[in-house]
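Have a look at the structure below before the remarks.
Numbers for residues simply follow the sequence, beginning at 1.
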Amino acid sequence: MLKSRRIEAAPTLGHLLTRTEPRKEVPAISYPTGKPTKHHMGLAPNDLQKGLMVSFAHRIGLRGGIKLLSNVHHRQHIADFFEEYRDRRVRKND
């Protein structure tokens with residue numbers, strides 16, 4: 001923790017994490033309207049998407065790691081991967 005008067009005086013989130021009762025005032029959130037946006041599944045996946053795929057593959061025990069990405073050229077390939085393995089259980093020894 002940083003040592004300064006400014007840091008010591010800064011507000012914290014402690015009061016939010018230690019509530020004894022849930023709050024009663026809930027914001028009204030309207031359902032989205034309009035056209036759904038396109039996800040551009042034909043674009044190349046970014047590094048975060050690739051990393052999520054590789055780490056999930058590792059967690060469910062698939063071998064290959066980064067080699068799994070050799071055939072991933074579009075975001076749709078990653079979506080298909082997650083769809084195919086969505087019911088796979090995570091290994092217990094993580």
- Taking the six-membered ring for Trp and the single ring otherwise, decide whether the centroids of F82 and F56 are under 6.0 Å apart. yes
- Item | M53 CE to D80 CG distance, which is reported to the nearest 0.5 Å | 10.0 Å
- Query: Between M41 and Y85, is there a shared hydrophobic cluster once you connect ILVMFWY residues whose side-chain heavy atoms come closer than 4.5 Å?
  - Reply: no
- Taking every non-hydrogen atom, the tightest pair across P45 and K50: O-CE, 3.6 Å
- Query: With under 30° as parallel and over 60° as perpendicular, where do the rings of H74 and H77 fit, or are they tilted in between?
  - Reply: tilted
- Query: Side chains of F81 and V72: does their closest heavy-atom pair fall under 4.5 Å?
  - Reply: no
- Message: Within this structure, what is the CZ-CG distance for the pair R63 and L68, rounded to the nearest 0.5 Å?
- Response: 12.0 Å
- Rounded to the nearest 0.5 Å, how far apart are CD1 of I60 and CG of D87? 10.5 Å
- For the pair R5 and E8, find out whether any cationic side-chain nitrogen is under 4.0 Å from an anionic carboxylate oxygen. no
- Only counting residues at least two apart or in another chain, list the ones meeting side-chain contact (heavy atoms from CB on, under 4.5 Å) with L48. N46, L52
